Amino acid sequence: MPATILSGKPIAEAIKTEVESEVTALEIEHGIRPCLTVVRVGSDPASEVYVTSKVRTAAELGIISQHHHLPAETSHEDLLRLVNELNADNNIDGILVQLPLPKHINEREIIEAIDPTKDVDGFHPVNVGKLSLGYPSLIPCTPAGVIEILKRTGIEIAGKHAVIVGRSNIVGKPMAAILLQENATVTICHSRTADLPSITRQADILVAAIGRAGFVCGEHIRDGATVVDVGINRVSDIEAVSRFFNGDELAKRLQAVETRGSTLVGDVNPKDAMAKAAYFTPVPGGVGLLTVAMLMKNTVKAAKTRRIEWPQKGSKSAK
Ligand code: NDP
């Protein structure tokens, strides 16, 4: 039987509806409207698409959104100055500096300069530390979205063996921390893992976050596994596209390559996943849709924590 497709759309829509209700309640009950500020440096086309979607979604849900678009030649010091200004502005709840930054800017220093209480991407070491300790924190949006897909679909996590391929700071590592907190038994694989297929084939839940189109294929997938594809890759090679899709989907993808020059493929070979897995998240239309929804959720969480919970607790130590 082919895998059941875990579509991200209804789950992302449900989360956005919940966020919208929370935003309305915050305004009615506390006179607060959460505010998200997105900073983009340079003109990377993918970043432009992501930032536009983040700013638009925020506005749709009643969150105030600001967008600072700086030229590619902006100096490290100028960006740092802007981050510090945003930190100091009490009306701003969430600060997101869109990555990647131009090479001359020290990405790590910029992330570390963001006030952890406004770090809606969840990349600041304070939030990373809290997550690994199991304390409440702002959690990176993409792995948080993966958990929402699993939970809201009723896929059991506790006691299951979750294998993650990829150990990046933004996906693989936080994914492992969250799955561990959800009581999965977690294995993390990477480019130096020996005999990868023998490990991934043990997975009840297999998460691919590698950055290589269709890398995870039949030999990596256990029959009946849940396969979560985080990858987003542009593929323009017709031969590769033919290895990943068949039937109507193949025709659709070849048409996309012809008209747009490429088609989006995840890190999992979808043809193989459909044949072997029990559940599979598609690309596009899977995890990617959750990332923006979870960013909105984090913004509201930051607003509530900063403006309602801490003032009531009345001390910095409450942080
Ligand atoms: P990175 O390049 O930062 O990390 C890739 C990871 O994959 C590394 O840990 C690397 O191992 C591992 N890897 C590379 N090659 C192999 C291999 N042959 N075997 C096993 N492991 C391997 O990527 P990201 O985590 O940032 O992104 C991963 C994917 O997820 C990308 O396709 C990206 O576009 C997508 N993405 C999607 C998002 C969404 O919203 N859906 C958000 C963020 C990312 P090592 O550490 O040893 O080098």
Side-chain angles (χ1 to χ4, degrees), residues 6-9 11-12 15-16 38 44-54 57 96-101 103 107-108 111 120-123 128 139-150 162-179 186-203 206-217 219-221 227-236 240 244 262-270 273 280-298:
L6 298 178
S7 172
K9 194 159 188 221
I11 298 171
I15 291 168
K16 284 194 274 181
V38 182
D44 175 63
S47 292
E48 185 180 353
V49 172
Y50 294 143
V51 166
T52 306
S53 153
K54 288 165 185 176
T57 307
L96 183 150
V97 178
Q98 184 67 40
L99 305 178
L101 290 168
K103 294 263 178 295
E107 213 164 85
R108 181 174 151 187
I111 291 171
V120 282
D121 252 342
F123 296 162
V128 175
I139 294 174
C141 303
T142 301
V146 169
I147 294 295
E148 292 290 337
I149 292 183
L150 297 176
V163 177
I164 302 150
V165 189
R167 56 172 164 181
S168 71
N169 291 342
I170 62 169
V171 188
K173 285 178 192 157
M175 187 76 258
I178 307 171
L179 284 164
V186 179
T187 302
I188 309 174
C189 302
H190 46 78
S191 67
R192 305 290 294 274
T193 297
D195 195 4
L196 182 70
S198 74
I199 298 171
T200 55
R201 273 200 308 270
Q202 296 171 30
L206 177 58
V207 181
I210 307 159
R212 295 180 62 176
F215 176 86
V216 170
C217 56
E219 64 167 341
H220 297 96
I221 302 169
V227 178
V228 178
D229 193 351
V230 178
I232 302 177
N233 310 284
R234 285 207 169 275
V235 175
S236 47
F244 300 148
S262 65
T263 187
L264 285 187
V265 177
D267 291 342
V268 178
N269 180 324
F280 175 52
T281 63
V283 177
V287 175
L289 297 176
L290 268 294
T291 301
V292 174
M294 296 312 287
L295 173 67
M296 301 304 132
K297 203 170 156 124
N298 268 355

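Just so it is clear, the values below take in all heavy atoms, side chains as well, and ignore hydrogens, waters and symmetry mates. This one's a predicted model, so the numbers in the text were calculated from it and none came from an experiment. In listed order, ligands and their atoms are each counted from 1.
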Student: Could you check whether any heavy atom of Ala209 sits closer than 4.0 Å to an atom of ligand 1, since that is the contact criterion I want to use?
Tutor: yes
Student: Going by heavy atoms, is Thr193 under 4.0 Å from ligand 1?
Tutor: no
Student: Considering all heavy atoms of both residues, which atom of Ile139 and which atom of Ala144 are nearest to each other, and what is their separation?
Tutor: CG2-CB, 4.0 Å
Student: So which bit of Leu290 gets within less than 4.0 Å of ligand 1, heavy atoms only: side chain, backbone, both or neither?
Tutor: neither
Student: To the nearest 0.1 Å, how far is atom 19 (N) of ligand 1 from its closest protein heavy atom, and which atom is that?
Tutor: Phe215 CZ, 3.7 Å
Student: Under 4.0 Å from ligand 1, counting heavy atoms only, is it the side chain of Thr142, its backbone, both or neither?
Tutor: side chain
Student: Taking 4.0 angstrom as the limit and counting only heavy atoms of Asn233, give me the atoms of ligand 1 inside it, by number and element.
Tutor: 32 (O)
Student: How far is atom 40 (O) of ligand 1 from its nearest protein heavy atom, and which residue and atom name does that atom have?
Tutor: Thr291 OG1, 2.8 Å
Student: For atom 47 (O) of ligand 1, what is the nearest protein heavy atom, given as residue, atom name and distance?
Tutor: Ser191 OG, 2.6 Å
Student: Search all heavy atoms of Val265 against all heavy atoms of Gly214 and return the closest pair with its distance.
Tutor: CG1-N, 4.1 Å
Student: For Arg167 and Lys173, which heavy atoms make the closest approach, and how far apart are they?
Tutor: O-CE, 3.2 Å
Student: Polar contacts were defined as any N/O atom of the residue lying under 3.5 Å from an N/O atom of the ligand; does this apply to Ser168 and ligand 1?
Tutor: yes
Student: Among all protein heavy atoms, pick out the one at the shortest distance from atom 31 (C) of ligand 1; state its residue, atom name and that distance to 0.1 Å.
Tutor: Gly211 CA, 3.5 Å
Student: Quick one: which of Ile210, Ile170, Val171 has a heavy atom closest to atom 23 (O) of ligand 1?
Tutor: Ile210
Student: For the OH atom of Tyr50 and the CG atom of Leu295, what is their distance to the nearest 0.5 Å?
Tutor: 13.5 Å
Student: Only one of Thr200, Ile221, Asp229 clears side-chain contact (heavy atoms from CB on, under 4.5 Å) with Val216; which?
Tutor: Ile221
Student: If hydrogens are left out, which of His190, Arg234, Arg192 has an atom nearest to atom 20 (C) of ligand 1, that is, the closest non-hydrogen atom?
Tutor: His190
Student: Do me a favour and list the nearest non-hydrogen protein atom to atom 8 (C) of ligand 1 with residue, atom name and distance?
Tutor: Arg167 N, 3.9 Å
Student: For Ile232 and ligand 1, does the shortest N/O to N/O distance drop below 3.5 Å?
Tutor: yes
Student: Closest non-hydrogen protein atom to atom 12 (C) of ligand 1, residue and atom name please, with distance?
Tutor: Gly166 CA, 4.0 Å
Student: Restricting to non-hydrogen atoms, name the atom on Pro140 and the atom on Pro174 that form the minimum distance, rounded to 0.1 Å.
Tutor: CG-CB, 3.7 Å
Student: If I compare all heavy atoms of Cys141 with all of Val120, which pair ends up nearest, and what's the gap?
Tutor: SG-O, 3.6 Å
Student: At what distance, to the nearest 0.5 angstrom, does CD of Glu107 lie from CG of Leu101?
Tutor: 5.0 Å
Student: Just verifying a value: how many Å separate Leu150 CG and Ile178 CD1, rounded to the nearest 0.5 Å?
Tutor: 10.5 Å
Student: Distance under 4.0 Å to a non-hydrogen atom of Val165: what atoms of ligand 1 satisfy this?
Tutor: 20 (C), 21 (N)
Student: Below 4.0 angstrom from a heavy atom of Asp267, which ligand 1 atoms are there? Numbered from 1 as shown, please.
Tutor: 29 (C), 32 (O)
Student: Looking at every heavy atom in both Phe215 and Leu196, which two are closest together, and how far apart are they?
Tutor: CE2-CD2, 3.6 Å
Student: Looking at CD1 of Ile149 and CG of Leu290, how far apart are the two atoms once the value is rounded to the nearest 0.5 Å?
Tutor: 4.0 Å
Student: Nearest protein heavy-atom contact for atom 37 (C) of ligand 1: which residue, which atom, what distance?
Tutor: Val230 O, 3.1 Å
